[in-house]
There are 2 protein chains.
Amino acid sequence: MTTAPPLRERKKQRTRQALIDAALRLFGDRGFGGVTLDELCEEVEVSKRTFFRYFEGKEDVAMAPLHDMWRAFLVELETIPADGRPLLELMETALLTALDRVADDAWAGRALLSYRLSESTSSMNAHNLHFCESTMCSLIEVLHRRLDLPDDARPRLLGDMLVAAWRHAVGGWAAAAGDRPAVPEPAVPEPAVPELAARFRDTVAALPGSLTLTADPR
Amino acid sequence: MTTAPPLRERKKQRTRQALIDAALRLFGDRGFGGVTLDELCEEVEVSKRTFFRYFEGKEDVAMAPLHDMWRAFLVELETIPADGRPLLELMETALLTALDRVADDAWAGRALLSYRLSESTSSMNAHNLHFCESTMCSLIEVLHRRLDLPDDARPRLLGDMLVAAWRHAVGGWAAAAGDRPAVPEPAVPEPAVPELAARFRDTVAALPGSLTLTADPR
DNA sequence: CCATTTATGCCACTGAGTGGCATAAGCGTG
DNA sequence: CACGCTTATGCCACTCAGTGGCATAAATGG
């Protein structure tokens with residue numbers, strides 16, 4: 001057990017989290033464009049100026065769950081044992097570990113809301129993609145620092161594939177979660193994290209097959 | 001030879017192109033954030049209201065060259081012969097053909113400026129990625145219409161790989177073009193389109209190898 | 001030449017995002 | 001506990017992207 005963090009720090013994290021929760025709730029109810037920052041700040045009783053000290057823009061606040069996951073992924077990458085096994089497997093493991101660390105039930109709910117918003121709001125989707133790419137750059141940097149990588153396009157392409165697989169997995173996961181309200185059991189209200197992990201694993205496994213895919217005309 | 005398009009249509013295309021050229025020039029000189037829309041519109045002698053009838057936002061106007069290329073790609077996809085050859089090869093060919101159709105020397109210059117801007121301006125990069133993704137959705141739609149595709153993740157993943165390869169090729173092309181000013185010959189002022197095509201071909205060829213990539217610790 | 005359609009201009013407005021500066025809330029010291 | 005010191009916050013005014021409404025001008029078709 002670590003010693004309690006400074007009082008001030010806790011307050012910061014509390015307002016930060018309050019802003020995230022309020023944003024996901026309000027955006028979910030009235031849509032991203034249907035809520036002004038002034039309203040959001042009013043809700044949390046914080047000035048707009050303060051909002052921008054916590055987040056870079058209106059989009060950022062609603063993407064926090066995904067951001068946290070990727071941040072954990074980069075941390076994981078620093079310490080994961082890097083013997084000579086395939087890079088794809090290495091990255092896959094790191095992401096699954098990060099997911100396991102950061103994702104509890106509350107996270108799953110937030111992540112679902114976040115993804116839904118990024119689907120329905122093009123500016124959020126754009127920011128989301130941009131964030132994935134910048135994370136990917138950090139990923140390449142970490143790999144180059146820890147490993148003896150070839151200096152060509154392949155590591156970067158591999159990173160793009162990982163992101164593609166992740167995004168596709170989240171998409172399928174969120175879509176499946178949407179078909180839930182018909183289920184009578186109240187015990188399974190939200191999609192579980194393991195389900196997302198399984199989807200991601202499957203999607204990564206499908207990567208090689210997609211390269212050689214053929215199809216006949218109708 | 002097609003009959004001359006209506007007079008009015010020509011005027012529209014002229015103002016549109018004028019806006020694009022002025023935007024690339026001004027943004028290139030003073031940076032994306034250093035130019036207001038009012039200034040840009042003043043330059044072309046057009047009202048801001050009119051600007052927004054041609055483009056969806058400030059970012060759009062500077063991404064026109066890349067947009068044109070992808071639009072041509074989608075057109076090409078509709079008519080390209082689709083026998084049972086690998087989808088990746090199909091898409092690669094369609095993109096190379098589209099590039100060949102749309103890209104002359106003037107295009108190369110504009111595309112270079114456009115890419116530089118998207119590198120230095122995060123909001124442009126975000127919009128660029130978003131546009132690539134939405135193009136990808138259209139791509140999948142076209143393929144499903146013309147071909148008997150499996151209904152799983154693979155076509156989509158393949159599309160993401162194509163985009164990744166394209167983006168990486170453009171990045172390398174633009175970087176190589178930046179190292180030109182030292183060359184004495186004035187006959188090669190701008191990077192040629194064939195060079196970009198070759199880079200794209202190479203990057204696509206590197207896709208399978210990236211999946212099986214391994215690396216040892218330093 | 002006239003009527004219809006379509007592009008443009010003008011004006012006022014909302015809302016995101018920023019800079020500057022004053023104030024208050026933690027925090028370490030005596 | 002009282003004192004400065006640091007750091008977070010609030011408030012205000014401002015710029016600029018983007019939108020809606022309505023009047024005007026220009027092309028088109030007869």
Side-chain angles (χ1 to χ4, degrees), chain A residues 3-20 22-23 26-27 29-64 117-118 121-128 130-131, chain B residues 3-20 22-24 26-27 30-64 117-118 121-128 130-131:
Chain A
T3 116
L7 191 73
R8 182 143 69 187
E9 201 57 30
R10 274 184 288 168
K11 264 191 140 175
K12 283 180 67 172
Q13 291 311 314
R14 229 185 312 137
T15 39
R16 182 188 143 86
Q17 197 56 48
L19 280 170
I20 294 173
L26 291 178
F27 292 167
D29 287 351
R30 315 193 329 241
F32 182 81
V35 182
T36 67
L37 282 183
D38 292 307
E39 291 174 303
L40 174 60
C41 291
E42 173 100 9
E43 185 85 4
V44 190
E45 290 181 298
V46 154
S47 80
K48 196 169 63 168
R49 199 68 188 79
T50 296
F51 174 90
F52 282 104
R53 290 194 183 94
Y54 281 93
F55 303 98
E56 289 192 351
K58 194 184 177 186
E59 288 81 15
D60 267 358
V61 67
M63 294 177 8
L117 284 169
S118 79
T121 311
S122 69
S123 78
M124 269 198 57
N125 193 24
H127 275 71
N128 204 355
H130 177 67
F131 174 77
Chain B
T3 118
L7 191 73
R8 193 193 258 158
E9 201 58 28
R10 273 182 291 169
K11 262 190 141 175
K12 283 181 66 174
Q13 291 311 315
R14 227 186 311 137
T15 38
R16 182 188 143 87
Q17 196 56 50
L19 281 168
I20 294 171
L24 289 177
L26 291 179
F27 293 166
R30 298 160 27 206
F32 182 80
V35 183
T36 68
L37 282 184
D38 292 306
E39 290 173 304
L40 173 59
C41 292
E42 173 100 10
E43 185 85 3
V44 190
E45 289 181 300
V46 155
S47 81
K48 195 170 63 169
R49 199 69 187 77
T50 295
F51 174 90
F52 282 104
R53 289 193 183 95
Y54 282 92
F55 303 98
E56 289 192 352
K58 194 183 178 186
E59 287 82 13
D60 267 358
V61 67
M63 293 176 11
L117 283 169
S118 79
T121 311
S122 68
S123 79
M124 271 200 56
N125 193 25
H127 275 70
N128 204 356
H130 177 68
F131 174 78

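Order of the sequence lines fixes the chain letters, A, B, ..., with proteins taken first and strands second; residue numbering starts at 1 for each chain.
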- Item | For A:Phe52, all residues meeting ring-ring contact (aromatic ring centres under 6.0 Å, His included), sequence neighbours excluded |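 Once residues adjacent in sequence are excluded, A:Phe52 has no partner under the ring-ring contact (aromatic ring centres under 6.0 Å, His included) criterion.
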- Task: Name all residues meeting the side-chain hydrogen bond (donor to acceptor under 3.5 Å, both in side chains) criterion together with B:Ser122; count only those two or more places apart in sequence or in a different chain, and write none if there are none.
- Result: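 With neighbours one apart ignored, the set is empty.
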- Task: Mind checking side-chain hydrogen bond (donor to acceptor under 3.5 Å, both in side chains) for B:Ser123 and listing every partner two or more places apart, or none if nothing turns up?
- Result: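 So B:Ser123 forms a side-chain hydrogen bond (donor to acceptor under 3.5 Å, both in side chains) with B:Glu59.
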- Item | A:Ala23: partners by side-chain contact (heavy atoms from CB on, under 4.5 Å), with sequence neighbours left out |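 Residues passing side-chain contact (heavy atoms from CB on, under 4.5 Å) with A:Ala23: A:Phe27, A:Leu40, A:Val61.
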- Does some side-chain heavy atom of A:Arg8 sit less than 4.5 Å from a side-chain heavy atom of A:Lys11?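 No, every pair of side-chain atoms sits at 4.5 Å or beyond.
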- Query: Tell me, do B:Phe131 and B:Asp60 make a side-chain contact under 4.5 Å, heavy atoms counted?
  - Reply: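 They are not in contact (no side-chain heavy atoms under 4.5 Å apart), so the answer is no.
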Is there any protein nitrogen or oxygen under 3.5 Å from a nitrogen or oxygen in nucleotides 4-8 of chain D, and what are the pairs?
from	atom 1	to	atom 2	distance (Å)
D:dA8	OP1	A:Lys12	NZ	3.2

Could you work out, with salt bridge (Lys or Arg N to Asp or Glu O under 4.0 Å) as the rule, every residue matching [X], not counting sequence neighbours?
X: A:Arg30; result: A:Glu39
X: B:Glu42; result: none
X: B:Arg16; result: B:Asp68

- Task: Go through A:Phe55 and A:Ile20 one step at a time and tell me if the side chain to side chain contact (heavy atoms under 4.5 Å, CB included) criterion holds.
- Result: CA-CA 10 Å; A:Phe55 303 98; A:Ile20 294 173; 3.7 Å; yes
- Message: Angle between the two end axes of the helix from C:dC1-D:dG30 to C:dC27-D:dG4, five base pairs per end, rounded to 10 degrees?
- Response: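 So the angle between the two local helix axes works out to 20°.
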- Which nucleotide span of DNA chain C, 5' end to 3' end, has atoms closer than 4.0 Å to non-hydrogen atoms of chain A?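 For DNA chain C, the relevant span reads C:dG15 to C:dC27.
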- Query: With a 4.0 Å cut-off on heavy atoms, is A:Glu45 in touch with a base, just the backbone sugar-phosphate, or nothing at all?
  - Reply: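 Sugar-phosphate: the residue A:Glu45, judged by heavy atoms under 4.0 Å, touches backbone atoms but no base.
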- According to the salt bridge (charged side-chain N to carboxylate O under 4.0 Å, His left out) rule, which pairs have a member within residues 44-55 of chain B, sequence neighbours left out?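 Non-adjacent pairs meeting salt bridge (charged side-chain N to carboxylate O under 4.0 Å, His left out): zero.
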- Message: Please check this pair: side chain of B:Thr121 against backbone of B:Ser118, looking for a donor-acceptor N/O pair closer than 3.5 Å.
- Response: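 Judged by distance alone, no pair lies under 3.5 Å.
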N/O to N/O distances under 3.5 Å, protein versus nucleotides 15-19 of chain D:
from	atom 1	to	atom 2	distance (Å)
D:dA17	OP1	B:Lys58	NZ	3.1
D:dA17	OP2	B:Leu37	N	3.2
D:dG18	OP2	B:Lys58	N	2.8
D:dG18	N7	B:Lys48	NZ	3.2
D:dG18	O6	B:Lys48	NZ	3.4

